[in-house]
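Beneath this line is the structure, given in structure tokens, with notes to follow.
We're numbering straight along the sequence, starting at 1.
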Amino acid sequence: TMAAPAVAATTGFAVDLFLSDRTAFTCSICAHVAHPPVVYPCGNEHVFCSDCIRGRIDAAVAAIGAGDLVAAEGCPDCDQLPYEGGRLSFLTPLSARSYNALRLRCSKRCGDWEGPLGELSSHLVNDCRLWVVYCPNQGCPHIGERQNEENHAAECQYRRVPCEHCERLVVVSRLVAHVGRCHMRPVPCPQGREQCPAIPHHNLDTHVTQECPFTEISCSWRDDGCLFECARREMGLHETQALVQHMRLARTKMDNQGRQILALTEELAYHNSDGPAEEHFSYEIPAACPVFLNVATEPHVVLNTSWTEKIILSPVPEAAAAAAAAAVAAGEGGRVDFVLAIQDRIPAGCTRRFNIRIIISHPRLVNNVVLESEARFSTDMTTHVFPSFIGLPLLQNLVNTGVVSIRFEIRKL
């Protein structure tokens, strides 16, 4: 409890409170036992209340315009002017001991205490039922007698009470709002099942995702391929009944992983191969040879690289050779498209990338014809069409007048 000021600062103690002789310490100005007592510098040790004598001196000084004790009327008891340099002073240690030893009853007249004046302040602050105290609850402006403190404490809107859920102390006027958002407040299971007990709000997600027997969950073998879903309470039965199926799924997964490891091993060996990064091959179409007839009757050129793949090159697909030849014979236009095919098996999930330049030269060409493209091969894509802008009649015309040299430059990416 926070105590109000111990004693009044403007008056002394009423003389009827005292049980022992208090004459030497009675203030003649207010007729009360002086408090706090000060001695006037008249030389006769006359005692007055500090406020009483200071008020009298201030009034006298204001009346005559002077500014010290010499200008006052003198001691109220003996009219003696203060001696030179005199100032109001506290009691001497001997006088203070006598003053504090004066016996009296409680100055609040509670009727519960009597004792020496030196212990009065302690009684008032700590025990007196009529002493005025502040409410101990933070923010409460109430001030009242100590004897009414318990009644006020039971009704104070600033008192703190524990939350029934989290036991945190909350101001009673805010308790309803706190309970509405308390992280420990019980809430029903969102699955809507009466079998689930109320759950603390902060545990709701954990309950639904990890505990609730009615939550739909996936089989623990889902990563292995089992797509079965059911309530958590029924999953144990499923896992028991589907044990053989799960074992098969696990075996299949292990086989797939083995193949992936093998493919990655082959891929790593391919990228770490010591062969040159670039290889060159040449292919010549003999003079006076029908271009498409040559392609249709002779085998494709097979390029065996040091990268383990076999790359097949041909000016046009075999299936289109006859039709293209017929088109040329009929005088129709067209162009030469080179087709690249990879012969070796490419592991699943892996790719092969090559940068390929085709350089076509002929004695009648001032500058070589250079074509360049990137070819990408995979398990599902083993051919790559290399488009060019060389017209079929032009190429046939070049062949009719000399040997056409086609150089392939293949660079591994």
List in chain and number order the residues that pass ring pair (Phe, Tyr, Trp, His ring centres under 6.0 Å) with F48, two or more places apart in sequence or in another chain; answer none if no residue qualifies. none
Roughly how far apart are R56 CZ and Y40 OH, rounded to 0.5 Å? 9.0 Å
Under the side-chain contact (heavy atoms from CB on, under 4.5 Å) criterion, do C135 and I143 qualify, and how do the steps go? CA-CA 6 Å; C135 175; I143 301 176; over 6 Å; no
Taking all atoms of both residues into account, what is the closest heavy-atom pair of N137 and C156, and its distance? ND2-SG, 3.3 Å
Listed partners of E145 passing side-chain hydrogen bond (donor to acceptor under 3.5 Å, both in side chains), at least two apart: Q147
Minimal heavy-atom distance between F13 and L117, with the atoms involved, is CE1-CD1, 3.5 Å
Scan residues 90-101 for pairs that pass side-chain hydrogen bond (donor to acceptor under 3.5 Å, both in side chains), counting only residues two or more places apart or in two chains. H35-Y99, T92-S95
Residues forming a side-chain hydrogen bond (donor to acceptor under 3.5 Å, both in side chains) with D58, sequence neighbours excluded: none
Could you check if a side-chain atom of L19 sits within less than 4.5 angstrom of a side-chain atom of L104, using non-hydrogen atoms only? no
Tell me, please, which residues at least two apart from Q157 pass side-chain contact (heavy atoms from CB on, under 4.5 Å). R159, V172, S173
By side-chain contact (heavy atoms from CB on, under 4.5 Å), C78 pairs with (sequence neighbours left out) C42, N44, H46, C75, Q80
Rounded to the nearest 0.5 Å, how far does CG of D224 lie from CZ of R248? 15.0 Å
Quick one: do E155 and N151 satisfy side-chain contact (heavy atoms from CB on, under 4.5 Å)? Show the steps, please. CA-CA 7 Å; E155 302 172 354; N151 294 334; 5.6 Å; no
Quick note, side-chain hydrogen bond (donor to acceptor under 3.5 Å, both in side chains) partners involving residues 17-27, not counting sequence neighbours, are D21-T23
Got a sec: does the CE of M247 have more than 12 other heavy atoms crowding it under 6.0 Å? yes
Using side-chain heavy atoms (C-beta onward) and a distance below 4.5 Å, is P186 in contact with P200? no
Side chains of V38 and I53: closer than 4.5 Å at any heavy-atom pair? yes
Counting N and O atoms only, with roles assigned by atom type, does the side chain of R109 sit under 3.5 Å from a partner on the main chain of L130, one being a donor and the other an acceptor? no
Where at least one partner belongs to residues 152-176, residue pairs that pass ring-ring contact (aromatic ring centres under 6.0 Å, His included), sequence neighbours excluded: H142-H152
Could you tell me whether the side chain of L88 reaches within less than 4.5 Å of the side chain of I57, counting heavy atoms only? yes
Quick one: closest heavy-atom pair of L249 and C226, and the distance? CD1-N, 3.5 Å
For C27 and C49, which heavy atoms make the closest approach, and how far apart are they? SG-N, 3.5 Å
Say you draw a straight line from SG of C106 to CG of D112; how long is it, rounded to the nearest 0.5 Å? 7.5 Å
Are the side chain of R181 and the backbone N or O of A177 linked by a donor-acceptor pair below 3.5 Å? yes
With a 4.5 Å limit on heavy-atom distance, are the side chains of V208 and P190 in contact? yes
So for atom CD, which belongs to Q257, do other residues, nucleotides or ligands contribute more than 12 heavy atoms lying within a distance under 6.0 Å? yes
Which value, rounded to the nearest 0.5 Å, describes the distance between Q245 atom CD and F228 atom CZ? 10.0 Å
Check: residues 216-223 side-chain donor-acceptor pairs under 3.5 Å, at least two apart:
{"residue": "S218", "atom": "OG", "partner": "E229", "partner atom": "OE2", "Å": "3.2"}
{"residue": "S220", "atom": "OG", "partner": "E239", "partner atom": "OE2", "Å": "2.7"}
{"residue": "W221", "atom": "NE1", "partner": "H246", "partner atom": "ND1", "Å": "3.3"}

Taking only residues two or more places apart in sequence or in another chain, which ones pass side-chain hydrogen bond (donor to acceptor under 3.5 Å, both in side chains) with D127? none
Heavy-atom closest pair (P213 atom, C196 atom, distance to 0.1 Å) is CD-SG, 4.2 Å
Are there more than 12 heavy atoms of other residues, nucleotides or ligands under 6.0 Å from atom CG of D205? no
Any W113 side-chain heavy atom under 4.5 Å of L124 side chain: no
Interatomic spacing from NE2 in H123 to SG in C128 - rounded to 0.5 Å: 4.0 Å
Test side-chain contact (heavy atoms from CB on, under 4.5 Å) applied to L175 - qualifying residues, sequence neighbours left out: V161, V170, V179
Can you name the residues that form a side-chain hydrogen bond (donor to acceptor under 3.5 Å, both in side chains) with E114, not counting sequence neighbours? none
Does the side-chain contact (heavy atoms from CB on, under 4.5 Å) test come out yes or no for R129 and C110, once each step is laid out? CA-CA 7 Å; R129 58 187 175 84; C110 68; 4.2 Å; yes
Any donor-acceptor N/O pair, N126 side chain to S122 backbone, under 3.5 Å: yes
Compare all side-chain heavy atoms of F18 with those of R105 and state whether any distance is below 4.5 angstrom. no
Heavy-atom side-chain proximity of M235 to H238 below 4.5 angstrom: yes
In Å and rounded to the nearest 0.5 Å, what is the CG to SG distance from L237 to C230? 8.5 Å
Can you spot which of H201, H202, H178 makes a ring-ring contact (aromatic ring centres under 6.0 Å, His included) with H183? H202
Might you point out which heavy atoms bring I29 and P76 nearest each other, and give the distance in Å? CD1-CG, 4.2 Å
When you look at T209 and T215, which way does the side-chain contact (heavy atoms from CB on, under 4.5 Å) test go after all the steps? CA-CA 7 Å; T209 58; T215 299; over 6 Å; no
